[in-house]
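We're numbering straight along the sequence, starting at 1. All values below were derived from every heavy atom in this structure, side-chain atoms included, with hydrogens, water molecules and symmetry-related copies excluded.
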Amino acid sequence: MNLQTVKIAKAENQNSERISGSEAIIKCLLAEGVDVLYGYPGGAIMPVYDELYKYQDKIHHVLTRHEQGATHAAQGYARISGKVGVAIATSGPGATNLITGIADAQIDSTPMVCITGQVPSHLLGSDAFQETDIVGISTPVTKWNHQITKASEIPEVLAKAFYIAKSGRPGPVLIDITKDAQFEEFDFKYEKCLGIRSYEPTPTLNEKDIISAAELINSAKKPMIVWGQGIILGQAETELKSLMEKAGIPAAWTILGASAIPTSHPLNVGMVGMHGNYAPNILTNKCDVLIAIGMRFDDRVTGNLASYAKQAKIIHFEIDPAEVDKNVKTDIAVLGDAKESLKSILPKINNNNHSEWVQQFKDLYAIEYEKVIKKDIYPTKNGLTMGEVLKEINNQSKGEAAIVSDVGQHQMVACRYAEFNTSKSNITSGGLGTMGFALPAAIGAKMAAPERDVVAIIGDGGYQMTIQELGTIFQSKVPVKIVVLNNEFLGMVRQWQQLFFDKRYASTELVNPDFVSIAKGYYLEAKKVTKREELASAVAEMMACKDAYFLEVCVEKEDNVFPMIPSGASVSDIRLE
């Protein structure tokens, strides 16, 4: 990518001032509207922290307990606010600890800028103390990265970093800054970046493609929409709803697309994918036109590609040309921003009502309800289920809470059973599947949306990967609600071992600590629920608490999540038991 800037926003009446590189970094962040950042100090980034100390009234720094926690918190902040999340770390291990969160942000299209300190430029390549080639390491998992060795580079590079992170298909950017560049003084002036030569973040809409797509949708007898996070990132929720309602098309979602359309909408037919709903998975292979919007045909959505929607014409609305025909061959590709694409096609769509087709979704849902859903949320067994916990949270939150889930069985249950009335309410690790994501991500989400209830749904395995962030919650006084669904197993792996490895539970059973005592050790309100009659009052107490609250719910040890598409199977092979 040629990063020569061709468009610059000139700040009015802005004169240059002679300041250090570290102060310039803070002023760049302020110019980009950054009011909170997450990080952990160290030697190579210390000059920046010294400047942060002077700007405490303008930028709130959150001291996480691990750099990975900083990236996940920045992700949570970005996902619920739509803004760029910012994380900061020192060189060497501090920088490498960011990599998991950066990789997570890259595959889930989360806008994030990470700033790392680096050893002085004259020591680069000498294996100096805490020197790591973080630019080389992060290249595969960033949208862009760059190393700064001169203070004068800081304004232009950081302006580009924020522009690249948030434009087009968003993603993470890493900027590595040597320590001498942080100390060096120069004449500072900041100009926001509005464009870069050879970088076209949003393709220009092709009117012929819009017309062709409209004609195919209008002629369809059994059309089906599958939407992804591109709807949320493109702020195209209203346009999607209008398309669904005008054309009478049933619409399903990927886990990152969840909450764009209210759960209760009559044309919202549920989640596709490995643990998605029965009807949209089965009927993917029955529809005649499949309209994919802002999704990338991930393998967990498609199952076996050789048998995925072969009977259907495929229309793909997508902002990233690299995703078109990558996994599924399309008949019509509409390249562009989701909001603008849907706005353009809506006048060309006929009013329609596919009532008989929609009824097929309802009929299959009734089968799933009897065989799976009713057992999950209205169980007859003695032990608690994850589904009934989510049902109780729905009862208390009325569908207004933001749900931040970790990775595993509880994640699938949360996505399936949480009720959403508001967009940007489902925050989870989709593509990378990062255990340990939820606790720090909930911190960032709550700080970005303090007026909303933020509930983290976490398994006992993933919880212990970032449990130290309870210290961040306590010190920063972030009133998140933490629910650990404890089945004393790495549940999703155990489910696969039960179904496909003859119940050989190799290294998946957990001997857990006293989670309530640990939470209380961090001065959090905490409670443990082991019986059904205790659940409603405990959830009510948690939701009413004005401070952070930890709730452990002991659930059935060997419950499985169904429906399920076995790995490598067709979406038509979805199992209900």
Do V48 and I177 come within less than 4.5 Å of each other through their side chains, counting heavy atoms only? no
Taking the side chain as every heavy atom from C-beta outward, state whether P120 and T178 have any atom pair closer than 4.5 Å. no
Given the side-chain rings of Y463 and F515, with only the six-membered ring counted for Trp, is the space between their centroids under 6.0 Å? yes
Residue among Y38, Y49, Y55 satisfying ring pair (Phe, Tyr, Trp, His ring centres under 6.0 Å) with H61: Y49
Do F162 and V173 have side chains that approach each other closer than 4.5 Å (heavy atoms only, starting at C-beta)? no
Is there a donor-acceptor pair under 3.5 Å between the side chain of T508 and the backbone N or O of F489? no
Between atom OG of S429 and atom CG of D406, what is the distance when rounded to the nearest 0.5 Å? 8.0 Å
Measure the shortest side-chain to side-chain distance between E419 and S264 over non-hydrogen atoms and say whether it is less than 4.5 angstrom. no
Rounded distance [0.5 Å steps], OG1 in T385 versus CZ in R532: 6.5 Å
E488 vs N512, side-chain contact (heavy atoms from CB on, under 4.5 Å): CA-CA, chis, key distance, verdict: CA-CA 7 Å; E488 298 180 341; N512 287 321; 4.0 Å; yes
Checking side chain to side chain contact (heavy atoms under 4.5 Å, CB included) against M492, which of H410, Q411, M435, M412 comes through? M412
Test side-chain contact (heavy atoms from CB on, under 4.5 Å) on M386 and Y417; report intermediate values, then the result. CA-CA 9 Å; M386 295 184 184; Y417 294 128; over 6 Å; no
Any idea which heavy atoms bring L490 and S507 closest together, and the distance? CD1-O, 3.9 Å
Check for a donor-acceptor pair, side chain of E67 on one end and backbone N or O of Y40 on the other, with a separation under 3.5 Å. no
Which of parallel (below 30°), tilted (30 to 60°) and perpendicular (above 60°) describes F186 and F188? perpendicular
State whether K527 and E534 are salt-bridged, where the test is any N-O pair (Lys NZ or Arg NE/NH1/NH2 against Asp/Glu carboxylate O) under 4.0 Å. no
Hey, does Q75 have a side-chain heavy atom less than 4.5 Å from the side chain of D104? yes
For F420, look at atom CZ and say whether over 12 heavy atoms of other residues, nucleotides or ligands are found less than 6.0 Å away. yes
Once rounded to the nearest 0.5 Å, what's the spacing between atom CD1 of I232 and atom CD1 of I261? 9.5 Å
Do you know which of V135, T149, I148 makes side chain to side chain contact (heavy atoms under 4.5 Å, CB included) with D176? V135
I'd like to know if the side chain of E51 and the backbone of A24 have a donor-acceptor N/O pair within less than 3.5 Å. no
May I ask you to check whether F474 and Y522 place their ring centers less than 6.0 Å from one another? no
Contact summary for V141 and Q106, nearest pair of heavy atoms: O-CB, 3.2 Å
Evaluation steps, side-chain contact (heavy atoms from CB on, under 4.5 Å), between L384 and L485: CA-CA 10 Å; L384 286 158; L485 302 179; over 6 Å; no
Would you call E509 and K557 a salt bridge, taking side-chain N to carboxylate O under 4.0 Å as the test? yes
Rounded to the nearest 0.5 Å, what separates atom CD1 in I26 from atom CD1 in I59? 5.0 Å
Does the side chain of N145 pick up a donor-acceptor pair with the side chain of S138 at under 3.5 Å? yes
Would you name the heavy atoms of N394 and A418 that are closest together and state the gap between them? OD1-CA, 3.6 Å
Using atom types as modelled and distance alone, determine if a side-chain donor or acceptor of T116 lies under 3.5 Å from a backbone N or O of A89. no
Apply side-chain contact (heavy atoms from CB on, under 4.5 Å) to the pair R169 and R296, showing each step before the final yes or no. CA-CA 12 Å; R169 180 181 181 178; R296 59 189 179 86; 3.8 Å; yes
Check the surroundings of atom CD in E153: do more than 12 heavy atoms from other residues, nucleotides or ligands lie under 6.0 Å from it? yes
Short side-chain donor-acceptor distance under 3.5 Å, T472 and E469: yes
State, to 0.1 Å, how close A526 and V516 come at their nearest heavy-atom pair, and which atoms those are. CB-CG1, 3.8 Å
Greater than 12 external heavy atoms within 6.0 Å of R452's CZ: yes
More than 12 non-hydrogen atoms from neighbouring residues, nucleotides or ligands closer than 6.0 Å to CD on Q468, yes or no? yes
I'd like to know if the side chain of K481 reaches the main chain of D547, judged simply by a donor and an acceptor atom lying under 3.5 Å from each other, with no hydrogens or angles considered. yes
Restricting to non-hydrogen atoms, name the atom on C114 and the atom on I102 that form the minimum distance, rounded to 0.1 Å. SG-CG1, 3.8 Å
Close side-chain approach of I134 and L98, heavy atoms under 4.5 Å: no
Could you tell me whether the side chain of W253 reaches within less than 4.5 Å of the side chain of I231, counting heavy atoms only? no
Heavy-atom nearest pair, K192 first then A31, reads CE-O, 3.0 Å
Would you say D337 and T202 are linked by a side-chain donor-acceptor pair, where the criterion is simply a distance under 3.5 Å? no
Once you round to the nearest 0.5 Å, how far does CD of E23 lie from CZ of F183? 13.5 Å
Do V483 and M542 have side-chain heavy atoms sitting under 4.5 Å apart? yes
Can you measure from CE (M465) to CD (Q68) and round to the nearest 0.5 angstrom? 8.5 Å
SB check K391 E388 (cutoff 4.0 Å): no
